[in-house]
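Heavy atoms only: backbone and side chains are in, while hydrogens, waters and symmetry mates are out.
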Amino acid sequence: MKMKTLISIFMIISLFFTSACSLLENAGKAKNGVTTIKIANYCSETHPQNIALREKFKPMVEEKTHGKYKVEIYPANALGDEEQFSSGVRIGSIQMAITGMGLQIANPKIGVVEWPYLFDNYEQANRILHGEVGEEIGDAFRELGAEPLAWTANGFRVVSANRKIDSMEDFKGFRLRMGNIPIFISTGKALGANVQPLALSEVFTALEQGVIDGQENPYVTLKESGFYEVQSHVTETRHMFSPNVYLMNKKFYDGLDKETQKIIREAARESAQYEWKLLQESEEKVKKELEKEGIEIIVPDEKFRSELEKSVEPVYEELYKKYDWAEELVNKIRAQK
């Protein structure tokens with residue numbers, strides 16, 4: 001390779017790193033007296049998460065800081081997928097994000113709130129996550145460079161299928177898409193399904209082409225993603241509760257004055273509680289809409305429900321062996337139910 005070409009490549013690489021460093025250095029800094037807070041998430045614009053941000057968080061922060069802080073919302077993976085914007089919050093290139101529990105890959109304690117059949121209803125999950133348990137898990141986020149501001153609801157997960165599932169037998173040979181996270185995969189296998197890890201963006205096509213037989217997600221995601229268009233049944237397994245969390249870059253948050261911290265935290269909590277309300281209302285609305293579309297919704301009877309819960313007991317046994325903190329934390333959650 002000619003020396004001139006080598007020099008050109010070196011200059012391009014240097015320019016890239018200089019630009020990247022400049023982006024990080026200037027992220028969240030005031031311009032003309034106004035600091036911009038960028039918020040990334042993977043939800044659609046019409047999802048309760050983004051409605052709550054627009055109607056509560058953004059106006060509260062901008063009004064109470066007298067315009068010193070401007071909030072910009074980036075829905076639908078506009079700033080990259082969840083892994084990318086979660087990393088962005090950790091390193092500070094993005095000030096804030098609403099994420100799932102994907103950071104459990106870096107610290108498994110973060111994922112405990114998604115362990116199977118741990119919560120029974122929304123009130124219970126909301127109360128426990130905003131108490132001692134949520135604070136303990138919050139410390140795990142802080143260790144990764146992110147300040148948790150409030151917990152929100154993604155929802156209880158259900159299984160959509162191309163056929164009826166109303167017994168454990170029906171899971172045998174059933175090709176079920178789940179997220180590529182160990183607890184999801186082990187839970188799906190415990191139910192008896194043939195688990196197929198796929199990115200969310202690949203699910204619709206896989207369902208349409210018959211590569212998989214079904215998928216699992218909260219009702220609102222099922223509707224927003226259009227999966228119901230290529231499915232015929234939904235079984236309310238409610239096998240996991242998936243929360244979301246408002247995360248802010250810790251260095252950015254720690255650099256705010258106490259009054260601004262208070263404003264942002266209060267806005268986050270009010271916005272989050274509004275989202276819990278909207279999500280539950282949306283869930284009931286979605287169920288009715290799905291039935292109008294011809295989707296059959298199956299609610300497990302007592303026997304089936306009991307078998308579902310019993311099937312995941314080996315999952316807990318393995319987790320207790322793997323993590324010395326696991327049994328104590330799970331018992332703490334169950335005691336507060």
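- K332 pairs in a salt bridge (charged side-chain N to carboxylate O under 4.0 Å, His left out) with only one of the listed residues (E132, E327, E135), which is E132.
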Under the ring-ring contact (aromatic ring centres under 6.0 Å, His included) criterion, do Y74 and F85 qualify, and how do the steps go?
CA-CA 10 Å; Y74 294 84; F85 62 68; over 10 Å; no
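- A salt bridge does not link K56 to E266: none of the charged nitrogens lies less than 4.0 Å from a carboxylate oxygen.
- Under a cut-off of 6.0 angstrom, the local environment of NZ in K172 is sparse, with at most 12 non-hydrogen atoms contributed by other residues, nucleotides or ligands.
- A donor-acceptor pair under 3.5 Å is formed between the side chain of E62 and the backbone N or O of V71.
- At most 12 heavy atoms of other shown residues, nucleotides or ligands fall within 6.0 angstrom of atom NZ in K70.
- We find that K109 and E136 are joined by a salt bridge, their nearest charged nitrogen and carboxylate oxygen being less than 4.0 Å apart.
- Using a 4.0 Å cut-off between charged side-chain N and carboxylate O, E283 and K287 make no salt bridge.
- Remark: aromatic rings of F156 and Y122 are close, center separation under 6.0 Å.
- Closest heavy-atom contact between L222 and L290: CD2-CD1, 3.8 Å.
- The closest donor-acceptor contact from the side chain of S87 to the backbone of E83 lies under 3.5 Å.
- Using a distance-only test at 3.5 Å, with no hydrogens or angles considered, a donor-acceptor pair links the side chain of E275 to the main chain of A153.
- In this model, a donor atom of one side chain and an acceptor atom of the other lie less than 3.5 Å apart for Y246 and S271.
- Judged by distance alone, the side chain of R175 and the main-chain N or O of N194 form no donor-acceptor pair under 3.5 Å.
- Contact annotation: the side chain of Q231 approaches that of L207 to within less than 4.5 Å [non-hydrogen atoms, C-beta and beyond].
- Ion pairing of R127 with E123 is present here, as a side-chain N (NZ or NE/NH1/NH2) and a carboxylate O approach within less than 4.0 Å.
- Formation of a donor-acceptor pair under 3.5 Å by the D170 side chain with backbone atoms of S167 is found in this model.
- Under a 4.0 Å N-O distance rule, the pair R142/D139 qualifies as a salt bridge.
- Distance alone, capped at 3.5 Å, places no donor-acceptor pair between the S306 side chain and the K303 backbone.
- Under the 3.5 Å distance criterion, with hydrogens and angles disregarded, a donor-acceptor pair is assigned to the side chains of E296 and H233.
- Side-chain N or O atoms of E82 include one that pairs as donor or acceptor with a backbone N or O of G100 at under 3.5 Å.
- In this structure, W151 contributes its side chain and H130 its backbone to no donor-acceptor pair below 3.5 Å.
- A donor atom on one side chain and an acceptor atom on the other are not found under 3.5 Å apart for N126 and Q124.
- Formation of a donor-acceptor pair under 3.5 Å by the Q84 side chain with backbone atoms of D81 is found in this model.
- Contact of the L279 side chain with the V220 side chain is registered, since non-hydrogen atoms from C-beta on lie closer than 4.5 Å.
- By the 30° and 60° cut-offs, the orientation of the rings of F174 relative to F171 is perpendicular.
- Judged by distance alone, the side chain of E147 and the main-chain N or O of M248 form no donor-acceptor pair under 3.5 Å.
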